[in-house]
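To start, the structure itself, in structure tokens.
Everything numeric in this text was worked out from a predicted model, so none of it was measured.
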Amino acid sequence: MTGQPSFVGGDGAAAATVLLSRADEPVAEAALQYARRGWPVLPGAAWNGRRFVVGGSGAIAHRLRPVVPRTFASADPHQVAKWWGVDEEWEPSVLLVVGPAFDVVSVAGAVAAGLLFTRAFQKAGGPVVFRPDSGAAHFLLEPGGARRLRSTAPPAIRPLAAGSWIPAPPTLVGNGARVSWWCHPARSGWRPMAADAFLAAVATVQARRTAGRR
């Protein structure tokens, strides 16, 4: 994993240029790192340059998805090592499961970029994954934090259900596009963002937009 990240200053949209994970990092190494931090992972279909396939069999998967049942999600390094040792040619993608370790809030890219440059995020931000194929950023929040957003979040902010999954760096999501960290977990000591801090960042962005319309 990369070390302490840095942010570019200026307009929030510049966050889209900040890639805070190594593109050449082995997927297996990343999966083991997540597991050792207590983050449950799943092996996912691998991108072979043309389509998604199931490692070990080469069967066409059609889309990025887990290749084992979601209930098998594990933070056991021994189990993770077995999953990523099946096929040396097409290593599984690494997927993180929403659940006991953290909640996840999916945020539209333009809004997410603004959140990164709020004082609340700079002071108490947490890990943020950027998915280039959807243009969405996934903010990892403390367990239970997403529940506080379900009735109050604007349309651009969507809490994900427990048991769902997100692709994690350095997974390929198709056409050579790679998932990256907009804010690496090392910045917060691998702690998810507190819900209060995230809500404060959202309030700041909303206030800026309101002021801009005047």
Side-chain angles (χ1 to χ4, degrees), residues 27 30-31 33-35 37-47 52 54 61-76 79-80 83 92-116 120-121 124-174 177 179-183 185 188 190-203 205-206:
V27 180
Q33 176 79 307
Y34 302 142
R37 295 289 178 171
W39 291 5
V41 302
L42 285 169
W47 179 255
F52 285 103
V54 178
H62 299 292
R63 60 185 174 82
L64 179 59
R65 62 170 177 80
V67 296
V68 300
R70 296 186 191 189
T71 54
F72 287 13
S74 178
D76 177 2
Q79 177 60 64
V80 172
W83 281 334
S93 301
V94 58
L95 311 177
L96 297 176
V97 178
V98 181
F102 48 76
D103 284 0
V104 175
V105 179
S106 179
V107 183
V111 175
L115 292 174
L116 293 181
F121 189 89
V128 182
V129 174
F130 178 67
R131 183 170 177 169
D133 55 334
S134 67
H138 298 306
F139 287 70
L140 276 57
L141 303 188
E142 62 186 354
R147 287 199 299 268
R148 298 176 56 184
L149 300 169
R150 295 194 188 281
S151 60
T152 60
I157 298 176
R158 180 172 59 89
L160 302 187
S164 57
W165 55 267
I166 61 171
T171 290
L172 286 168
V173 288
V179 176
S180 62
W181 289 110
W182 264 7
C183 185
S188 64
W190 292 81
R191 292 185 300 273
M193 189 174 186
D196 285 341
F198 183 79
L199 288 168
V202 171
V205 170
Q206 290 179 318

Run the side-chain contact (heavy atoms from CB on, under 4.5 Å) check on V107 and H138 step by step: do they pass?
CA-CA 6 Å; V107 183; H138 298 306; over 6 Å; no
Looking at every non-hydrogen atom in both residues, tell me the closest pair between G44 and V67 and how far apart they are.
C-CG1, 3.8 Å
Between F102 and W39, what is the ring plane arrangement, given parallel below 30°, perpendicular above 60°, and tilted in between?
perpendicular
Kindly assign one of parallel, tilted or perpendicular to the pair W181 and Y34, based on the angle between their ring planes and the thresholds 30° and 60°.
perpendicular
Just how far is it from atom CG of L172 to atom CG of L64, taken to the nearest 0.5 Å?
10.0 Å
Does any part of the side chain of F198, heavy atoms only, come nearer than 4.5 Å to the side chain of L149, both counted from C-beta?
yes
Identify the heavy atoms of R148 and A195 that sit nearest to each other, and give their distance.
NH1-CB, 3.7 Å
From CG (L95) to CZ (R70), nearest 0.5 Å
9.5 Å
Taking all non-hydrogen atoms of both residues, which atom of A101 and which atom of G38 are closest, and how far apart?
CB-O, 3.7 Å
Is any side-chain heavy atom of V128 closer than 4.5 Å to one of L140?
no
Apply side-chain contact (heavy atoms from CB on, under 4.5 Å) to residues V41 and V97 and explain how you reach the verdict.
CA-CA 6 Å; V41 302; V97 178; over 6 Å; no
Any side-chain heavy atom of F72 within less than 4.5 Å of one from W83?
yes
Salt bridge check, R147 against D103: does any charged N sit closer than 4.0 Å to a carboxylate O?
no
Could you walk me through whether W47 and V173 pass the side-chain contact (heavy atoms from CB on, under 4.5 Å) test, one step at a time?
CA-CA 7 Å; W47 179 255; V173 288; over 6 Å; no
For a 4.5 angstrom cut-off between non-hydrogen side-chain atoms, does L116 reach F121?
yes
Side chain T171, main chain V94, donor-acceptor under 3.5 Å
yes
Check whether any side-chain heavy atom of L96 lies under 4.5 Å from a side-chain heavy atom of P40, and answer yes or no.
no
Nearest-0.5 Å distance that lies between atom NE2 in H62 and atom CZ in F52
12.5 Å
What closest approach, in Å, do A146 and V105 show between heavy atoms, and which atom pair accounts for it?
CB-CG2, 4.3 Å
Answer yes or no: does atom CZ of R158 have more than 12 heavy-atom neighbours from other residues, nucleotides or ligands under 6.0 Å?
no
Hey, mind stepping through V54 and R65 against side-chain contact (heavy atoms from CB on, under 4.5 Å) and telling me if it holds?
CA-CA 9 Å; V54 178; R65 62 170 177 80; 3.8 Å; yes
Any heavy-atom pair between the side chains of P92 and V27 that's under 4.5 Å?
no
Residues R131 and W165: closest non-hydrogen pair is NH1-CZ3, 4.4 Å
Do S93 and P167 have side chains that approach each other closer than 4.5 Å (heavy atoms only, starting at C-beta)?
no
Ignoring hydrogens, what is the shortest heavy-atom contact between A194 and E142? Give both atom names and the distance.
CA-CD, 3.7 Å
